[in-house]
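To find a chain, count down the sequence lines: A is the first, B the second, and so on, and within it residues start at 1.
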Amino acid sequence: MAPPGSFETATVTVKLDDLNPEQRAAVLAPDGPILILAGAGSGKTRVLSYRIAHILAERKASPAEVLAVTFTNKAANEMRQRVASLVGGDNDARIPWVSTFHSACARILRQEGHALGYDRNFSILDEGDSLATIRQVLGDAALADSPPLELARARIEQAKNEAVTPDEMLARAKPGRDASIAQIYRLYQERMRAMNAMDFSDLQLQTWLLFERFPETLERWQRRAAHLLVDEYQDTNRVQYLIVRALAARSGNLCVVGDEDQSIYGWRGADIRNILDFERDYPAAQIFKLEQNYRSTKTILAAAGAVIRNNTERKVKNLWTENSAGEPVTYFTGRDERDEADFIALEIARLTGVGGFRAADVVVFYRVNAQSRAIEEALVRRRIPYYIVGGVRFYEQRDVKDLLAYLRVIANPADAVSLERMVGTPPRGIGAKSFEAIAELAARERIPAFEAMGRLETCSRVALRIAKQAGMLYSWMHDLGARAPDLSVRGIVEEVVAHSGFEAYLDTLDDAPARKQNLAEMLSAASAFDAEKSGGGLPEFLERVALVSDTEQIDSSGGRAALMTLHTSKGLEYPIVFMAGMEEGLFPHSRAAEIDEEVEEERRLCYVGMTRAQQLLYLTNTLSRELYGVRQESRQSRFLREVDPALIRRIAPARETPPIRPLSPREPYVDFADSQLPDDEPGPGGDGLSIGARVIHPTFGRGIVRRREGRGDGAKAWVNFERGGIKLLVLKFANLRLLGD
DNA sequence: AGAGCGTGAACGCAA
DNA sequence: TTCACGCTCT
């Protein structure tokens, strides 16, 4: 018998005493729609894990009827482990399905995709591959009103995030560019289907389309997710919202956890309204607020609260803590980014020396990756061990992708993008023109691109020598493909490395040792995958590889300080947090400058960063910073001025700096003060872009020419943009258009 | 002549 | 990292 105040699972009894009253209420709440508003550091993972354990213990559902969805694999792993420790043992049959949105969709589509015309071994294209495919489509379509590549990509992704199909987009589009984009979108989808490939957004869009079109399929998955729990609900986009709603429609057992103050992926399609309107969508919703913070000091919480209070798009919350007041927030202004970085490095040295902290207790956050450079240099100078989370991902490095291309073709012979990459590395005489012939043959005969490669000798366009090369490559890969199901993933990788000539090719290069390092890491990744009991074959390995995220690189074992962008920081906590670059135009980013909703998202990003800190929080900025190739004077971030000065301790800067000014309500943040600009000098005219001319730029929008330098192809201009400030542009590339008055 | 391949220049927010 | 260019091979 379980004692009162606890519940029993198959083998263990879990004490509910570990939970505070609000947490306990949320864990024990009866079935039906549930919204848990969980402030930063209020123990939401704990509540979700306990609730899952509770559902299982009460026999409300078997593990095969529970699905918990998170945003990152790291969060999924954490939750799986916590549930495992609650329900006892590592018996997989007792652990419910805990997965990221993307992995869950991939799994559903592997089983059901045939209904939509996809084979179960479809490839998942990363952003680079997807961009290359759109580029091809743009080239082939040669539309009159052809959109720029990046615009087309962004609009297609946006459409997918909003569950808009090509036909729907076309129906809505005005003639002209919008219609062209819709055409490109449709051609892109057709090409992807022919390649049996999906991009990241497709995983979700196709799942939604599947559910929408095949009610009996949906019903099957509704039963599989009879208890559906969704983490980080504030960052769901439209299509995720639709999938969740569809899955929960039958049982009504939808439990979402989130914090609208931590919604930071609006630019990726996340819609904060999903959480704000939950009660409207589910009128029967029970609502729980978790407001006790277990992470930070009172001071840190007060400082973060003072910032987020300036947002209007939020529900009123009152985060509190029993933790001590702690130290004031430290604020430092450096002369420039080097000086700022030096302070950070010195301070880390002090904290890890006499302070008794470990380097691994420290994290440095920044707004844009470009900031990491100066900080790295300073840390190297001070011999502080560090590592960067994010940035270049292992599986997106060139050699790794080249190698993976072979594996992807074996798993999915229709994957023409991977085939093209594979055929070209190592160089074996089969180039763009020959590949064109392969693609054409595949399209004409309606066979996978890989099969077409094997039949190239029938194609008169291609030299016999090249066709024979292709034929040999085909025979070997075909044979390997046939044996693949019986081989370990490592075995397959080893054979590819040895037989493809890839390793021999690397050996001919100067930096062979460094580049072969990546091959070695691939091999060990394959071994590790083989060693997992729940593992699987090549398709499962490729899926894993395609869906790894930055947060999985986090590794606290190395005793090193971590560097990452603020976006990567979500869900993490560190004893000591540095936030560098607290400056207008950088943070909030200039792209958000005057649009209220975007400034609010930047402010949430600031709030997320600050609330990662457990004990010490440092905010730093500069007097002058070089960004995007231009050095300019910095101005203090408005977020700094939103913090009560009483909570801040200012470290005396090396030179006079502006004091913290109180914030007046209607103060303009973006000014066009010419004092920021280099001295004007008369420049060469002729193209109409004289000083003072009003221009428009495809990315930066409207601006004024402030200075000219150089002539001919090297002619450049300093342009002060309304959004984005001053930029130095090479006129040849900048695509500036003159604006009339 | 045509195709392949190496070179050398501009890119740039956040997954 | 892509694009344009010239060199080299068949």
In whole angstroms, how far is the [atom2] atom of [N] from the [atom1] atom of [X]?
X: A/Ile264; N: B/dA15; atom1: CD1; atom2: P; result: 10 Å
X: A/Arg367; N: B/dG12; atom1: CZ; atom2: C1'; result: 14 Å
X: A/Arg428; N: B/dA3; atom1: CZ; atom2: C1'; result: 17 Å
X: A/Phe435; N: B/dG2; atom1: CZ; atom2: P; result: 23 Å
X: A/Asp129; N: C/dT1; atom1: CG; atom2: P; result: 12 Å

Within the structure, does a side-chain N or O atom of [X] lie under 4.0 Å from either OP1 or OP2 of [N]?
X: A/Ser434; N: B/dG4; value: yes
X: A/Arg135; N: C/dC3; value: yes
X: A/Thr72; N: B/dA15; value: no
X: A/Thr568; N: B/dA14; value: no

Subject >> Short side-chain to backbone donor-acceptor contact, A/Glu377 and A/Ala374, under 3.5 Å >> reply: no
Subject >> A/Arg191 NZ/CZ over A/Tyr188 ring centroid, <6.0 Å and within 45° of normal >> reply: no
**OP:** Scan A/Glu157 against the nucleic acid and name what it touches under 4.0 Å (heavy atoms): base, sugar-phosphate only, or nothing.
**Re:**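 Since a base atom lies under 4.0 Å of A/Glu157, the category is base.
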Original post:
So do A/Met195 and A/Leu125 actually touch side chain to side chain, heavy atoms under 4.5 Å?
Top reply: yes
Subject >> Short N-O contact, A/Arg367 and A/Glu602, less than 4.0 angstrom >> reply: yes
Subject >> A/Asp235/A/Arg268 salt bridge by N-O under 4.0 Å criterion >> reply: no
Original post:
Planes under 30° and centres closer than 5.5 Å, is that true for A/Trp267 with the base of B/dA14?
Top reply: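 Stacking is present between B/dA14 and A/Trp267, given that their ring centres fall under 5.5 Å apart and the planes under 30°.
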Could you check which of [options] has an atom nearest any side-chain atom of [X]?
X: A/Arg398; options: B/dA15, B/dG4, C/dT1; result: C/dT1
X: A/Asn369; options: C/dT10, B/dG6, B/dA15; result: B/dA15
X: A/Arg268; options: B/dC5, B/dA15, B/dG4; result: B/dA15

**OP:** Take atom C1' in C/dC3 and the same atom in B/dC13, then report the distance between them in whole Å.
**Re:**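 The answer is 24 Å between these two C1' atoms.
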**OP:** With a 3.5 angstrom cut-off on both distances, give the Watson-Crick or G-U wobble partner of B/dG12, or none if there isn't one.
**Re:** none
